[in-house]
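Chain letters run A, B, ... following the sequence lines, proteins first, then strands; residues in each count from 1. Owing to the predicted nature of the structure, the values given are computational and were not obtained by experimental measurement.
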2 protein chains.
Amino acid sequence: MNDKLELDKRKAFILATVVYEYINTAEPVGSVTLTQKYNLGVSSATIRNEMAELEAGGYLVQPHTSAGRVPSDAGYRAYVDRLMQPETLTSDDTRRIRDQFREASRELSDVIDQTTRLLSGLSGNLAIAIAPSRDTHAFKHVQLIWLSPRTSLAVVVTSGGVGAQRAFEWSTDVDADDLTRLSNALNSRFGGRVMEDVGETEIDSICAELKVSTEIRDAVRAAFATARRPGEPEIAAAGAQNLLDQPEFHDLRKLRAILRIVEEQRTLYDLIADELASDGVGTDPSPHVRIGHELRADELAECSVVTVPYRFGDRGVGMLAILGPRRMPYGRLIALASGTARSLGDHLNDVEIR
Amino acid sequence: MNDKLELDKRKAFILATVVYEYINTAEPVGSVTLTQKYNLGVSSATIRNEMAELEAGGYLVQPHTSAGRVPSDAGYRAYVDRLMQPETLTSDDTRRIRDQFREASRELSDVIDQTTRLLSGLSGNLAIAIAPSRDTHAFKHVQLIWLSPRTSLAVVVTSGGVGAQRAFEWSTDVDADDLTRLSNALNSRFGGRVMEDVGETEIDSICAELKVSTEIRDAVRAAFATARRPGEPEIAAAGAQNLLDQPEFHDLRKLRAILRIVEEQRTLYDLIADELASDGVGTDPSPHVRIGHELRADELAECSVVTVPYRFGDRGVGMLAILGPRRMPYGRLIALASGTARSLGDHLNDVEIR
DNA sequence: GCCTGGCACTCCGCAGGCCCGACTGCTAAG
DNA sequence: CTTAGCAGTCGGGCCTGCGGAGTGCCAGGC
């Protein structure tokens, strides 16, 4: 493979057209098809020569002799990076996205879920969303709520939203005023701190000062621990059945491999979050495309993924992704993912406390 | 079809054996196979006669002339109701269930999710879980929490757990004491009530008495509304890729139809919850099996579903289900579903406030 | 020197035809 | 009522042949 092959204007146009045609038809494209359907100004024989050179350059491959050409990873890459026209959202898509978020839930995990449904419906592919990861965030408030003599609720609020709520059951009666006093003491001591800096020894000492029972002390410890713990990365996926429509997944082995990845949240998370960690995504909200082997997973060698980050106030950065066959309409999907990510971020920031 | 056909002992045994063999091999079973693999004491010709009668009785069908027999819905039904040996959990399964719940989450939606993963893994089929539906439940406590002069959090606790937490942002500064007074007033007025009986006019009158702003009044209304609303039925499914292993789903059309049902939560919910409503399940915690057309969905004509309810304190009754081909190992799946449902109920009741 | 028309060649995919094997139902005898 | 035997049926696997799509290459023309 000769990576240095310059794409002159005609080669570029031919490559772009092959990719475009293959994306639309799912059939290997031959020189005659090309001359017939597109106005190239030269004969099919010339196209054949050019295509042979594009194949030598690694941009196209032939499934077998006497078949048309199909883009390689490098061919798709060139298409996405240099040849393709950027697309904008159609007014219909814009409207559907807007309508969706207008009546969307306020609950983060529900929103994530609904967004994957929306995006899989619009894109006709598999959509994935990761909720913003809470990393370090500030302590804001703790409240121990007296429900009955033997039961209480602890609510810890952080800059990342409601960090944790936990119910506790006591073995002896507790007093509502004691809980209030404890709440106040904790609040005045920890106000303005970063959650990581709230140590257990400090909790212990406050509890000791106020002479609360070890049972309550342990409950406070537990509530803070839950609020501090980053928790399972929240992730949702929808639209797996869309993949069945694609001819490349009619092979059951490939399909199963992909479904396995989708159902194993861990793998799926790694696949997408890769992107989160690797580049300084926080500063770059533009969509990324990874094609075939760039995904570094054999099962996904025939897939591509479009990812786009979204920002949710100070709760951090989440990810939206579309997974489909390499033969996907990149322009449209990039526009859809970006538009949805923007609306998602806006919606979350509208709904959530600042 | 003659429903009145009595199954004498030999017919019963033959039917049971046909079903058993078909479940294991997925191949239509013929009279010779039967005499060879099972000790029937009669020749294949006799079996042929018997099978012909079983077919006339509607228990067996022939995919085509010169093929073996396959059970019909009625054949499976007889097998499940009368012929099959009940099974108990293997010690290995018991252990895996126990281990799973030992380190399970405390969060209801996470538990539901993890349970479907467990059950799909153990059963090799698609597992579904619905969270207990909250119907009417009692008001327990409301707390308006002052976070900053311009922001507050409202927490409404009901007998169904933490009903709702909502963050609010005010346009003018509010006083912490005002919020406390309001919380106290609401608590003393509504204590012991059923949520449905907490009316907006009453909320309004309390707010008016205490002279709180209309903004805060609206916030309280909204918090109660969220707590009262039953919310989306929580539902989870896992293990769709297991279905790919079954030969009956190698047909892509069927597979797609099923995946569509699984991804559409509404349909899936109706499918399972049907069972919840129809019989007085609350008093009957035993597993139910629905086979083929009994599911009243053409797409699921070749599927069966095992459902088993589980009880979660006073939050109501949830459902666990296994969906797979009609040709499923009923005995084992029933045992698995029951065992898992029991452990799930126990776990939830251990973890949650009473 | 590049483009083009023509030609020989390759190979996939499909349709038809064939045979084999797995069953069955029936009959006649035990 | 059971059984052995037999004729009949039908699906599926396998081979074969053919048409079509597409290529590479060559020789001639601008």
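A donor-acceptor contact shorter than 3.5 Å links the side chain of B/N242 to the backbone of B/S120. Under the 3.5 Å distance criterion, the side-chain polar atoms of A/R296 are left unmatched by any main-chain donor or acceptor of A/L271. At distances below 3.5 Å, at least one donor-acceptor pair connects side-chain atoms of B/E263 with backbone N or O atoms of A/G239.
When the P atom of C/dG25 is taken as reference, atom CE of B/M51 falls 9 Å away, rounded to whole Å. In this entry the distance linking CD of B/Q62 with C1' of C/dC23 reads 8 Å, nearest Å. The distance between atom NZ of B/K37 and atom P of C/dA22, rounded to the nearest whole Å, is 14 Å. Atom CD1 of B/I47 and atom P of C/dC26 are 17 Å apart (whole Å). As rounded to whole Å, 10 Å separates atom P of D/dG22 from atom CD of A/E21. Rounded to a whole Å, the CG atom of A/L54 is 16 Å from the C1' atom of D/dG24. With rounding to whole Å, A/E50 atom CD is found 15 Å from D/dT23 atom C1'. For the pair A/E53 CD and C/dC2 C1', the computed distance is 12 Å after rounding to whole Å.
Expressed to the nearest 0.5 Å, how far SG of A/C303 lies from CD1 of A/I291 amounts to 12.0 Å.
Residue contacts shown for A/T46 include a base, since a base heavy atom lies under 4.0 Å away. Residue-level contact check: B/A67 touches the backbone only, with heavy atoms under 4.0 Å from sugar-phosphate atoms and none from bases.
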Exercise for review: Please report the C-alpha distance between B/Y330 and B/S304 in whole Å, then the side-chain angles of each, then the deciding distance to 0.1 Å, and finally whether the side-chain hydrogen bond (donor to acceptor under 3.5 Å, both in side chains) criterion is met.
Suggested key: CA-CA 9 Å; B/Y330 291 95; B/S304 284; 2.7 Å; yes

Practice item. With salt bridge (charged side-chain N to carboxylate O under 4.0 Å, His left out) as the test, would you mind laying out the steps for A/E248 and A/K254 before giving the verdict? Key: CA-CA 8 Å; A/E248 32 270 273; A/K254 290 176 193 165; over 6 Å; no

Practice item. Take B/F13 and B/K11, measure what side-chain contact (heavy atoms from CB on, under 4.5 Å) needs, and give me the verdict at the end. Key: CA-CA 5 Å; B/F13 185 71; B/K11 280 203 180 57; over 6 Å; no

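Between C/dG5, C/dT10, C/dG25, one nucleotide has an atom nearer to the side chain of B/E55 than all others, and that is C/dG25. Closest approach to the B/A45 side chain among D/dA4, D/dT23, C/dG5 is made by D/dA4 (side chain taken as heavy atoms from C-beta onward).
For residues 22-34 of chain A, proximity to DNA chain C is found at no residue, defined as any non-hydrogen atom under 4.0 angstrom from a strand atom.
Of the side-chain N and O atoms in B/S66, none sit less than 4.0 angstrom from OP1 or OP2 of D/dT9.
Both A/R69 and B/N49 sit near DNA chain D, but only B/N49 has its closest nucleotide nearer the 5' end. Two residues, B/G41 and B/H64, neighbour DNA chain D, and the one matched to the more 5' nucleotide by heavy-atom proximity is B/G41.
In this model, no side-chain donor or acceptor of A/R48 finds a partner on the base of C/dG5 within 3.5 Å.
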